[in-house]
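Per chain, numbering begins at 1; letters A, B, ... match sequence-line order.
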There are 2 protein chains.
Amino acid sequence: MTIRLLLVDDHAVVRQGLKMFLKAESDFEVIGEASNGVQAIELARQLKPDVVLMDLLMPAMGGVEATGIIRREIPETEVIALTSVLEDSSVIGAIKAGAIGYLLKDTDGPELLRAIRAAAEGQVQLSPKAAARLMREVRAPESPEKLTERETEVLRLIAQGLANKEIANSLSIGEKTVKTHVSNIFSKLGVVSRTQAALYAASIGLVNLTHD
Amino acid sequence: MTIRLLLVDDHAVVRQGLKMFLKAESDFEVIGEASNGVQAIELARQLKPDVVLMDLLMPAMGGVEATGIIRREIPETEVIALTSVLEDSSVIGAIKAGAIGYLLKDTDGPELLRAIRAAAEGQVQLSPKAAARLMREVRAPESPEKLTERETEVLRLIAQGLANKEIANSLSIGEKTVKTHVSNIFSKLGVVSRTQAALYAASIGLVNLTHD
DNA sequence: ATCTGCCTCAGCCTTTAGATGGAGATATAG
DNA sequence: CTATATCTCCATCTAAAGGCTGAGGCAGAT
């Protein structure tokens, strides 16, 4: 029985490489590729893959968000987060969003194969480092209160350097409303300025920093 | 005649993938892998590869520095910078260090092959985007006017989320002075708020975003 | 000796940011 | 039906941010 895979990464080289690497395994079949979260969701709907290898840091829509939507809509599809960053909220976010695995990109080949096979059977597979993070989190739920959808949207705009007035125009709401959201975001994130909030957003990959 | 390659990237998955991808090409042979700049230099000395695929963002020693050393010591080895970030100083830095090519990781497979073959023959190959950067740089050294040492210091603190008063204390200077620096930084960078400046600083790696 | 760039600081001004408290509307869960 | 959460908006106020102009000290270059 072959394991049908969907690859999601914004770097073509990484996708290409993974595809070639996985092709050597007879029980794997790459049935689709996506370069961002939106594409990933579309393809997941159409193809209903067994396992999704999901990069977390992507433009358009982050991997965490995409993971959540895929898991809600297609629960029989398992998602493995595959990322280069090891960051508390990413780990927790990905797990909470329903990822069954969290692997770092410096994982070696054999371990990657093990993880995919485990995921296809619904078994959990984490990088040792990621597992350590998770442990730390459970012991000390310093969970930054979860932002609402709207707040996340506002934070994203803050992290693009927009002023409150610009955010208001962008979302077609009042500046006062934006201020309310901003204040709520600050207290939830435990920061005291929009700059800190923007840096936090950048650190968890909510925005794309590369200015092309 | 086969092209002998050295792969340098801190992510094992990326190396693994590249290796598998390149294996399909009969005129390529991957003769070594390194996960950081120091290893890369050692291996380049021993193996004298035709082409080095060099990631720029690595621990221990960055790719730019490693490129410079390799090119000085082993001029017959060509280096292609392969990176996920497109940043002015990286492009310029890599080129100045002697890289014959600068490719983004979202380059597709065929273009990557073309670039490696071109490099092996000593021909220049740049990503269109990278080329555009280079052109912009040469014709209009509007390179975001270079910041002074002090300004860079202030920018770094801005990018750590500090307020002007905190920066003043941190540097043992007056808040007014800080404001002067901040204003100068803004006009040099072409931004209008400290948040935008902080994001710019983060995007060029002036600060470490991962709060581990 | 003069010029130039950098760092330092000042005053004055307008705009923005952020805190706080209150409030109406809708939707959803229990 | 009634909490609860979310989104929306308003007013008020203080603090911070940022623009603008001017200016003194200091080092290195010409």
Side-chain angles (χ1 to χ4, degrees), chain A residues 61 64-65 68-69 71-73 89 93 96-97 141 143-202 206-207, chain B residues 89 141-202 206-207:
Chain A
M61 180 190 286
V64 172
E65 199 177 344
I69 295 175
R71 287 293 298 162
R72 270 198 300 279
E73 291 196 12
S89 65
K96 280 188 180 166
S143 57
E145 279 183 76
K146 198 183 160 218
L147 298 186
T148 68
E149 205 172 315
R150 198 53 154 176
E151 287 163 353
T152 304
E153 216 169 339
V154 171
L155 176 58
R156 195 190 317 271
L157 295 174
I158 288 177
Q160 284 169 11
L162 301 197
N164 290 336
K165 200 174 294 180
E166 295 172 317
I167 295 173
N169 289 333
S170 173
L171 297 180
S172 299
I173 59 179
E175 188 188 348
K176 302 286 177 61
T177 306
V178 174
K179 283 192 166 192
T180 303
H181 287 314
V182 170
S183 285
N184 291 334
I185 290 169
F186 289 177
S187 63
K188 283 188 181 178
L189 296 185
V191 302
V192 297
S193 74
R194 66 198 301 101
T195 301
Q196 289 176 4
L199 292 166
Y200 171 83
L206 191 62
V207 287
Chain B
S89 63
E142 54 159 332
S143 48
E145 278 182 77
K146 198 176 162 229
L147 299 185
T148 68
E149 205 171 316
R150 200 54 154 173
E151 286 164 351
T152 304
E153 217 169 340
V154 171
L155 176 58
R156 193 190 320 269
L157 295 175
I158 288 177
Q160 284 169 12
L162 300 198
N164 290 336
K165 200 173 295 181
E166 295 172 318
I167 295 173
N169 289 333
S170 173
L171 298 179
S172 300
I173 59 179
E175 189 188 347
K176 301 287 177 59
T177 307
V178 174
K179 282 191 168 193
T180 304
H181 288 313
V182 170
S183 285
N184 292 333
I185 290 169
F186 288 177
S187 64
K188 284 187 180 178
L189 296 185
V191 301
V192 296
S193 75
R194 69 197 299 102
T195 301
Q196 289 175 5
L199 291 166
Y200 171 84
L206 189 63
V207 288

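Residues A:Leu199 and B:Ala159 share a closest heavy-atom pair of CD1-O, 3.1 Å. Nearest heavy atom pair, residue B:Arg150 against residue B:Leu171, reads NH2-O, 3.8 Å. Minimum heavy-atom separation, B:Ala197 to B:Leu155: O-CD1, 3.6 Å.
For A:Glu166, the salt bridge (charged side-chain N to carboxylate O under 4.0 Å, His left out) criterion is met by no residue, not counting sequence neighbours. Partners of A:Glu175 according to the salt bridge (charged side-chain N to carboxylate O under 4.0 Å, His left out) rule, which considers only residues two or more places apart in sequence or in another chain, do not exist here. For B:Ser193, the side chain to side chain contact (heavy atoms under 4.5 Å, CB included) test picks out B:Thr195, B:Gln196, with sequence neighbours left out.
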A:Glu151 vs A:Val182, test: side-chain contact (heavy atoms from CB on, under 4.5 Å). Steps then yes/no. CA-CA 8 Å; A:Glu151 287 163 353; A:Val182 170; over 6 Å; no
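The outermost nucleotides of DNA chain C lying under 4.0 Å from heavy atoms of chain A, listed 5' to 3', are C:dT16 to C:dA19.
Atom-to-atom distance recorded for B:Lys165:NZ and B:Ser170:OG is 15.0 Å, nearest 0.5 angstrom. Note: A:Asn169 CG to A:Asn164 CG = 11.0 Å, rounded to the nearest 0.5 Å. Taking NE2 of A:His181 as the reference point, atom NZ of A:Lys188 lies at 10.0 Å (rounded to 0.5 Å).
Using five terminal pairs a side, the axes of the helix from C:dC7-D:dG24 to C:dG30-D:dC1 at its two ends make an angle of 50°, given in steps of 10 degrees.
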Nucleotide-resolved protein contact map, nucleotides 11-28 of chain D, B/S/- at heavy-atom distance under 4.0 Å: S----SBBS---------
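The CD atom of A:Glu149 sits 13 Å away from the C1' atom of D:dA5 (whole-angstrom rounding).
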